[in-house]
Student: 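Here you go, one structure.
The first residue in the sequence is number 1, and the count goes up from there. Predicted, not measured: the structure shown is a model, and the values here were computed from it.
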Amino acid sequence: MIERVEVSVFTTTAFTAVDPHGHRHPSAEHEVREALLEITDSSGAVGRVQVHPDQLRPAVLDSIVKPVLLGADPWDRERLWTAMARKQRGSHGRFTDRALGYVDTALWDLAGKLADLPVWKLLGGARSRVPAYASTMCGDEIPGGLSTPGDYASFAKELVSRGYRAIKLHTWMPPVPGAPSVRADIAACEAVRDAVGPAVALMLDANHWYSRTDALELGRALEDLDFYWFEEPMEEASISSYRWLSEQLSVPVIGPEVAWGKHLSRAEWITSGACDILRAGPTDVGGISPTVKAAHLAESFNMDCEIHGDGSASLAVLGGTGTGRWYERGLLHPHHDFDRVPPHRLAIADPLDDEGCVSLSTAPGLGDEFDVEHIRSHTLE
Ligand SMILES: O=C(O)[C@H](O)[C@@H](O)[C@@H](O)C(=O)NO
Ligand SMILES: [Mg+2]
């Protein structure tokens with residue numbers, strides 16, 4: 001049974017930072033706080049997941065998570081997930097889907113350790129290698145970074161030379177002056193298509209708040225450029241707006257990414273025609289368990305479910321269910337070495353091979369290789 005549930009906040013170094021709107025950009029090396037959630041079973045097996053320190057605060061851990069998990073059978077994930085999810089409403093926003101997702105993910109890592117099997121094998125072992133798409137950081141004002149359409153074009157050529165066969169652009173977003181801009185987005189997409197030619201799959205993630213008419217203008221341009229999917233051009237709260245857009249565009253519309261409701265809201269998106277490709281991610285919908293449910297739902301409608309976000313949890317769903325065609329590898333930038341191993345890890349989770357694919361780990365659990373020594377010696381609380 002589960003004996004301990006602990007979150008250790010520790011220091012490490014980072015080479016990226018988020019702007020006031022939460023978009024990540026390259027930065028000088030600096031110290032940051034990260035956290036590790038550990039769920040320990042009476043056998044001594046430990047499920048581990050890295051979490052954002054502010055997402056699993058002690059108050060939430062003590063009042064919501066521990067009362068459900070301590071003394072429970074770690075194999076009872078469905079029962080445990082539901083018991084925690086039912087507590088969200090009464091938490092008045094303190095217990096987020098992201099926090100629930102971290103706990104569920106750690107329980108899957110623990111299950112893999114107990115079974116001595118990789119999580120993707122427990123989920124069905126659909127494939128042991130997944131093609132990756134390069135997911136760029138948002139545009140910026142960094143000279144030679146992602147500050148012009150030409151910068152995006154140069155970076156796209158570099159990404160293709162590294163083996164990627166698909167590239168997703170995140171374009172300029174606030175607080176960059178003038179962003180968002182349909183014209184600027186189209187210019188970047190045109191420059192990249194010109195640079196890489198017709199064989200590379202291209203996607204745009206406009207995670208903006210465009211109006212229907214702006215989104216339609218941008219979507220039409222993507223049709224002319226033969227883009228593979230169009231992502232999050234509008235607020236995802238309006239299903240009818242996405243239905244309106246999807247009905248008018250031949251470029252596939254993908255979603256939702258951040259819409260409220262976990263896997264439960266995805267059925268309405270599909271049946272109302274709001275998307276042509278479904279989207280779900282372990283950090284968005286409450287963990288690996290609901291992401292797998294969204295993948296199975298999509299399968300019933302002959303629809304791909306593309307998994308949001310990088311990391312071992314996303315890889316486990318992709319390897320286990322066979323859903324989706326791509327692993328989102330990123331976020332990438334010309335001035336950021338995505339393959340650099342941070343001090344709190346012994347290896348990155350998703351090395352890219354020369355054919356642009358990522359192989360699933362054969363280690364028990366999720367396969368994350370944490371430097372527990374570093375974490376213990378740099379733990380703050
Ligand atoms: O800021 C975020 O939520 C992520 O960087 C997100 O923008 C990015 O992961 C994304 O949209 N991927 O599809
Ligand atoms: Mg997105």
Side-chain angles (χ1 to χ4, degrees), residues 12-16 24 26 34 36 47-52 101-102 105-106 108-109 112 117-137 155 158-170 200-201 203 205 257 279-284 287-288 291-292 295 304-334 336-371:
T12 186
T13 51
F15 300 87
T16 63
R24 195 162 286 283
E34 289 292 350
L36 185 73
R48 290 192 172 105
V49 66
Q50 183 176 331
V51 307
H52 189 289
Y102 288 143
T105 299
W108 272 106
D109 187 49
L117 281 171
V119 171
W120 65 276
K121 282 282 190 184
L122 287 177
L123 290 172
R127 58 190 161 180
S128 61
R129 188 166 175 250
V130 189
Y133 68 84
S135 189
T136 75
M137 287 185 187
F155 190 40
E158 160 67 19
L159 292 168
V160 170
S161 73
R162 288 188 210 162
Y164 289 103
R165 291 294 165 267
I167 300 169
K168 182 167 87 177
L169 289 76
H170 288 99
V200 175
M203 304 83 120
D205 185 339
E257 175 167 308
R279 188 153 181 72
T283 57
D284 307 311
I288 288 173
T291 304
V292 170
D304 286 337
C305 180
E306 295 295 345
I307 305 305
H308 171 219
D310 64 315
S312 58
S314 294
L315 280 169
V317 174
L318 287 161
T321 67
T323 195
R325 304 185 190 196
W326 304 98
Y327 167 65
E328 178 169 16
R329 195 165 191 267
L331 299 171
L332 309 176
H333 189 280
H336 175 54
D337 178 2
F338 185 75
D339 294 312
R340 183 175 190 153
V341 181
H344 63 281
R345 284 181 177 261
L346 298 174
I348 61 172
D350 55 2
L352 188 80
D353 66 28
D354 52 15
E355 291 175 346
C357 294
V358 175
S359 292
L360 274 296
S361 166
T362 55
L366 288 167
D368 286 302
E369 296 180 64
F370 293 111
D371 184 337

Student: Of the non-hydrogen atoms in Ser314 and His308, which two are nearest, and what is the gap between them?
Tutor: OG-O, 3.3 Å

Student: Can you tell me how far CG of Leu332 sits from OG1 of Thr136, rounded to the nearest 0.5 angstrom?
Tutor: 7.5 Å

Student: Given side-chain contact (heavy atoms from CB on, under 4.5 Å), test Tyr102 with His52 step by step and report yes or no.
Tutor: CA-CA 9 Å; Tyr102 288 143; His52 189 289; 3.7 Å; yes

Student: Determine, stepwise, if the pair Glu257 / Asp284 fulfils side-chain contact (heavy atoms from CB on, under 4.5 Å).
Tutor: CA-CA 7 Å; Glu257 175 167 308; Asp284 307 311; 4.2 Å; yes

Student: Taking atom CG of Asp109 and atom OG of Ser312, what is their separation to the nearest 0.5 Å?
Tutor: 7.0 Å

Student: Verify side-chain contact (heavy atoms from CB on, under 4.5 Å) between Leu36 and Val51, making sure each step is shown before the conclusion.
Tutor: CA-CA 6 Å; Leu36 185 73; Val51 307; over 6 Å; no

Student: Is there a side-chain contact between Val130 and Leu360, using heavy atoms and a 4.5 Å cut-off?
Tutor: yes

Student: Mind listing the closest non-hydrogen atom pair of Pro26 and Met137 along with its distance?
Tutor: CD-SD, 3.6 Å

Student: So, do Ser128 and Ser359 sit near enough that their side-chain heavy atoms are less than 4.5 Å apart?
Tutor: no

Student: Looking at every non-hydrogen atom in both residues, tell me the closest pair between Gly309 and Glu328 and how far apart they are.
Tutor: N-OE1, 2.9 Å

Student: If you measure only the distance, is there a donor-acceptor pair under 3.5 Å linking the side chains of Tyr327 and Asp350?
Tutor: yes

Student: Is a side-chain donor or acceptor of Glu369 paired with a backbone partner of Leu346 at a separation under 3.5 angstrom?
Tutor: no

Student: Taking all heavy atoms of Ala126 and all of Gly322, pick out the closest pair and write down the distance.
Tutor: CB-N, 3.3 Å

Student: As an exercise, state the distance from OG of Ser135 to CG of Leu159, rounded to the nearest 0.5 Å.
Tutor: 10.5 Å

Student: So do Leu366 and Ile288 actually touch side chain to side chain, heavy atoms under 4.5 Å?
Tutor: yes

Student: Give a yes-or-no answer on whether the side chains of Asp371 and His344 include a donor-acceptor pair shorter than 3.5 Å.
Tutor: no

Student: Measuring only between side-chain heavy atoms, which start at C-beta, is Val358 closer than 4.5 Å to Asp353?
Tutor: no

Student: Could you tell me if the side chain of Arg329 sits less than 4.5 Å from the side chain of Asp310, heavy atoms only?
Tutor: no

Student: Within this structure, what is the CG-NE2 distance for the pair Asp205 and His170, rounded to the nearest 0.5 Å?
Tutor: 3.5 Å

Student: Hey, does Ser361 have a side-chain heavy atom less than 4.5 Å from the side chain of Pro118?
Tutor: no

Student: I need the Leu117 CG to Thr362 OG1 distance, nearest 0.5 Å.
Tutor: 11.0 Å

Student: Nearest 0.5 Å please: distance from the CH2 atom of Trp326 over to the CG atom of Asp304.
Tutor: 11.0 Å

Student: For Phe15 and Asp337, run side-chain contact (heavy atoms from CB on, under 4.5 Å): C-alpha distance rounded to whole Å, both residues' side-chain angles, the deciding distance at 0.1 Å, then the answer.
Tutor: CA-CA 9 Å; Phe15 300 87; Asp337 178 2; over 6 Å; no

Student: Shortest non-hydrogen contact from Thr105 to Gly287?
Tutor: OG1-CA, 4.1 Å

Student: Ignoring hydrogens and geometry beyond distance, is a side-chain donor-acceptor pair present between Glu34 and Thr12 at under 3.5 Å?
Tutor: no

Student: Does a salt bridge link Glu355 with Arg165, judged by any charged N lying under 4.0 Å from a carboxylate O?
Tutor: no

Student: Which atom names give the shortest non-hydrogen contact between Phe370 and Gln50, and what distance separates them?
Tutor: CZ-N, 3.8 Å

Student: Do Leu122 and Trp108 have side-chain heavy atoms sitting under 4.5 Å apart?
Tutor: yes

Student: Testing Leu318, Ile307, Thr321 for side chain to side chain contact (heavy atoms under 4.5 Å, CB included) with Thr291, which one passes?
Tutor: Ile307

Student: In the structure I gave you, are the side-chain heavy atoms of Val49 and Asp368 within less than 4.5 Å of one another anywhere?
Tutor: no

Student: Under a 3.5 Å cutoff, is there a donor and acceptor pairing between the side chains of Tyr133 and Arg325?
Tutor: no

